[in-house]
Amino acid sequence: MTDHLPKENCYAPLCKYDDTWYPSYLIPGVVASKQLFKAEEGDIILASLPKSGTTWLKALTFSIVNRNRFKPQDSPLLTTQPHDLVLGLEFEHFRDGVPQNLDQPSRPRIFATHVSHASLSDSIKASNNCRIVYVCRNPLDNFMSYWHFFSSSKSQYIQGETIEELFVKYCKGVHPYCPFWSHNLEYWKASLEKPEKVLFLTYEDLKEDTVSQLKRLALFLGFPFTEEEEAQGLVEEISMVCSLGNLKSLEVNQNGVRDHGMPVSSYFRKGEVGDYINHLTPSMVETLNKLTHEKFAGSGLVFKSK
Ligand code: A3P
């Protein structure tokens with residue numbers, strides 16, 4: 001299936017499909033989810049580049065949508081990893097090229113994906129009432145978070161490359177699910193064209209004011225908080241349950257590895273805006289800032305990176 005596709009290496013073997021560099025082993029899942037996934041009215045799709053706040057968005061969305069089934073103190077998040085509550089389309093449901101376990105115990109169904117907007121199933125884009133939430137993170141922290149994640153692992157998919165080599169590849173757009181600029185911009189444009197269908201969130205805004213962003217997300221999803229819920233402090237409670245500090249402290253998120261060999265604990269690190277400053281040289285920061293400025297010029301999308 002991948003024979004005719006352009007190939008590169010970055011962390012792992014990559015193949016270019018829909019102008020995006022996907023991990024080669026995921027190509028069957030990417031193609032099958034694009035061709036075979038049939039969105040139902042009401043479905044929620046959580047989209048992101050890896051290491052942009054996917055885990056957080058899964059926890060927040062699951063909590064908003066299921067708050068009538070579970071009180072915060074009984075949240076399944078206390079005993080189940082966020083990645084087991086909301087599964088990925090291309091890397092779980094369609095991993096083997098065929099649909100698996102698409103039904104969910106309640107509606108709306110929630111799915112996650114890292115694919116580009118171009119690689120989304122047409123049924124997601126065409127459906128009137130299937131909503132997409134995209135979380136975006138400033139490229140400097142996104143790059144660093146990715147590096148930390150994989151350098152902490154002994155995954156079979158990882159090959160030895162220096163941070164300098166990986167940085168050059170990130171800036172060339174040869175990085176898993178990248179180029180980052182086209183991934184971000186495709187969803188950004190979709191959110192401007194169809195704001196009722198695509199919500200564009202940033203990791204930095206979520207960090208700055210989680211409660212406001214949580215209310216914004218709930219409203220967009222069609223599950224707005226009532227005045228009574230707000231008065232009871234439910235928004236703050238959900239924010240607390242989903243916080244990095246809380247999730248990181250839970251036993252379920254501390255031990256074991258996920259099926260692709262990544263330690264569960266590596267999904268929960270520092271969660272800071274601007275942590276890149278501790279790891280990238282000033283010249284690397286300048287290079288990536290310049291590139292970001294060029295690529296996003298005129299789009300209206302501006303990154304907060306401290
Ligand atoms: P850092 O590596 O900067 O710490 P993803 O979930 O897309 O894989 O992104 C991982 C990044 O989000 C990591 O960033 C991780 O620490 C952070 N993160 C995970 N859960 C979080 C949460 N509940 N709140 C805030 N940040 C979180």
Side-chain angles (χ1 to χ4, degrees), residues 11 23 45-64 72 75-78 80-92 110-115 133-153 155 157-158 163 166 170 175-178 180 183-184 187 201-211 213-214 217 236-250 252-254 257-258 260-280 303-306:
Y11 290 102
I45 311 294
L46 306 180
S48 59
L49 274 175
K51 318 327 292 172
S52 294
T54 318
T55 316
W56 199 4
L57 183 60
K58 285 183 178 186
L60 293 170
T61 305
F62 180 89
S63 302
I64 290 171
S75 172
L77 281 164
L78 302 175
T80 310
Q81 295 166 30
H83 294 290
D84 286 334
L85 290 174
V86 179
L87 302 183
L89 282 174
E90 71 278 11
F91 41 94
E92 272 142 351
I110 313 174
F111 301 100
T113 186
H114 288 317
V115 301
V133 182
Y134 186 76
V135 63
C136 180
R137 191 172 192 188
N138 83 71
L140 291 154
D141 284 332
N142 177 242
F143 171 77
M144 273 326 302
S145 182
Y146 214 101
W147 183 82
H148 280 291
F149 183 67
F150 282 112
S151 55
S152 70
S153 94
S155 169
Y157 297 112
I158 307 313
I163 188 167
L166 293 164
Y170 188 76
H175 202 266
Y177 299 93
C178 285
F180 67 85
H183 203 284
N184 294 167
Y187 282 100
L201 298 175
T202 71
Y203 187 88
E204 293 74 29
D205 286 343
L206 277 165
K207 283 290 291 188
E208 194 173 287
D209 190 347
T210 310
V211 167
Q213 296 297 313
L214 192 45
L217 176 59
E236 285 78 4
E237 273 187 84
I238 291 179
S239 163
M240 206 287 292
V241 170
C242 298
S243 68
L244 178 60
N246 182 54
L247 294 183
K248 202 173 170 169
S249 73
L250 300 170
V252 67
N253 294 324
Q254 289 178 345
V257 288
R258 296 198 56 80
H260 46 310
M262 305 305 297
V264 177
S265 59
S266 60
Y267 285 85
F268 307 91
R269 199 181 65 92
K270 230 170 160 182
E272 281 179 5
V273 175
D275 185 46
Y276 68 86
I277 210 85
N278 300 313
H279 304 280
L280 295 178
F303 292 97
K304 296 178 193 164
S305 58
K306 248 189 183 171

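Since the structure is predicted, the reported quantities are computational estimates derived from the model, not experimental observations. Read the numbers this way: they start at 1 and go in the same order the structure lists the ligands and their atoms.
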Can a donor-acceptor pair be found, under 3.5 Å and without considering hydrogens, that links the side chain of [X] to the backbone of [Y]?
X: Asp141; Y: Asp275; answer: yes
X: Lys51; Y: Phe143; answer: no
X: Lys58; Y: Val86; answer: yes
X: Asn253; Y: Val264; answer: no
X: Ser151; Y: Trp147; answer: yes
X: His183; Y: His114; answer: yes

What protein heavy atom sits nearest [atom], and how far off is it?
atom: atom 21 (C) of ligand 1; value: Leu244 CD1, 3.6 Å
atom: atom 6 (O) of ligand 1; value: Thr55 OG1, 2.5 Å
atom: atom 23 (N) of ligand 1; value: Cys242 O, 2.8 Å
atom: atom 16 (O) of ligand 1; value: Arg269 N, 2.8 Å
atom: atom 8 (O) of ligand 1; value: Lys51 NZ, 2.6 Å
atom: atom 7 (O) of ligand 1; value: Thr54 OG1, 2.6 Å
atom: atom 26 (N) of ligand 1; value: Tyr203 OH, 2.7 Å
atom: atom 19 (C) of ligand 1; value: Tyr267 O, 3.2 Å

* Got a second to check how far Ile163's CD1 is from His148's NE2, nearest 0.5 Å? -> 7.0 Å
* Structure fact -> Candidates Arg137, His83, Met144; heavy atom nearest atom 11 (C) of ligand 1 found on Arg137
* Asked: Who gets closest to atom 24 (N) of ligand 1 by heavy atom: Tyr146, Trp147, Trp56, Tyr276?
  -> Trp56
* Identified side-chain contact (heavy atoms from CB on, under 4.5 Å) partner of Leu60 from the options Thr55, Leu46, Leu206 -> Leu206
* **Residue portion contacting ligand 1 (non-hydrogen atoms closer than 4.0 Å) for Ser48** => neither
* Answer side chain, backbone, both or neither: which part of Ala59 comes under 4.0 Å from ligand 1, heavy atoms only. => neither
Just which atoms of ligand 1 are under 4.0 Å from any heavy atom in [X]?
X: Lys270; result: 4 (O), 16 (O)
X: Leu247; result: 23 (N)
X: Ser145; result: 1 (P), 2 (O), 3 (O), 11 (C), 13 (C), 14 (O)
X: Gly53; result: 5 (P), 6 (O), 7 (O), 9 (O)

* **Plane angle bin for His175 and Tyr11 - parallel if under 30°, tilted between 30 and 60°, otherwise perpendicular** => perpendicular
* Given Tyr146 and Tyr170, is the ring pair (Phe, Tyr, Trp, His ring centres under 6.0 Å) satisfied, shown in steps? -> CA-CA 10 Å; Tyr146 214 101; Tyr170 188 76; 8.0 Å; no
